[in-house]
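Structure first, then comments.
Note that these values count all heavy atoms, side chains included, but never hydrogens, waters or copies made by symmetry. One is the number of the first residue; the rest follow in order along the sequence. Note that this is a predicted model, so its numbers are computed, not measured.
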Amino acid sequence: MKKIALIFTLLFSAYSFADEITQKRIVDNIQMDAHGTYYFSSDEGWGAPGCPNAKYIFIRKHEVPASEAMLSLVLSSQAQNRTIYAKGNCTDPVHFQLNYIFQGPK
């Protein structure tokens, strides 16, 4: 039983530290669905190692206390034609769930 618990612990701890970072991109489009999920798209794809062609990075408003601040950062970056990049995880080949966002230099 202890061996099984150890195996599960090792498997899940490796996954929790598996954050990836996207490439720096300009946000081409912003969408929001009825459930409060913000989608930020890049026509180039976000270039994360696990899903290099992911078109969308996203946050779920109800899961992220700072979601409004993150949206504000993306909107200001888009208005100033500045890049952003994100830290998070691929959820499938076209979606990347972010948990940290950065604004690129001018």
Query raised in the report: Looking at side-chain heavy atoms only, is the closest gap between I101 and Y85 below 4.5 Å?
Result: no
Query raised in the report: Considering only heavy atoms from C-beta outward, does the side chain of Q103 approach that of S76 to under 4.5 Å?
Result: yes
Query raised in the report: If only atom types and distance count, is the side chain of Q78 paired as donor or acceptor with the main-chain N or O of V27 below 3.5 Å?
Result: yes
Query raised in the report: OG1/T22 to NZ/K87 distance, rounded to the nearest 0.5 angstrom?
Result: 12.0 Å
Query - Whether S77 side chain and L73 backbone form a donor-acceptor pair below 3.5 Å - result: yes
Requested in this report: Check whether any side-chain N or O of R82 sits under 3.5 Å from a backbone N or O of G104 as a donor-acceptor pair, and report yes or no.
Outcome: yes
Query - R25 (side chain) donor-acceptor with G45 (main chain) under 3.5 angstrom - result: yes
Query - 4.5 Å side-chain heavy-atom contact, M70 and V64 - result: yes
Query - Shared hydrophobic cluster for I59 and Y100 (ILVMFWY, side-chain gaps under 4.5 Å) - result: no
Requested in this report: Find out whether Y38 and K61 are in side-chain contact, i.e. whether some heavy atom of one side chain is under 4.5 Å from a heavy atom of the other.
Outcome: yes
Query raised in the report: Applying the 4.5 Å side-chain criterion to the ILVMFWY set and letting contacts propagate, would L75 and I84 be lumped into a single cluster?
Result: yes
Query raised in the report: Can you say whether the rings of Y39 and F58 are parallel (under 30°), tilted (30 to 60°) or perpendicular (over 60°)?
Result: tilted
Query raised in the report: To the nearest 0.5 Å, how far apart are CG in D19 and CG in L98?
Result: 10.5 Å
Query raised in the report: Which value, rounded to the nearest 0.5 Å, describes the distance between I57 atom CD1 and K55 atom NZ?
Result: 13.5 Å
Report summary line: For H35 and H62 the tightest heavy-atom approach is O-ND1, 4.1 Å
**Report entry** Distance (rounded to the nearest 0.5 Å) between F96 CZ and T91 OG1
**Finding:** 9.5 Å
**Report entry** Pairwise distance CH2(W46) to NZ(K24) - rounded to 0.5 angstrom
**Finding:** 12.5 Å
Query raised in the report: Is the closest side-chain heavy-atom distance between V94 and D92 below 4.5 Å?
Result: yes
Report summary line: Rounded to the nearest 0.5 angstrom, the CZ-CG distance for F40 and D28 is 13.0 Å
Query - Donor-acceptor pair, side chain of Q97 and main chain of C90, under 3.5 angstrom - result: no
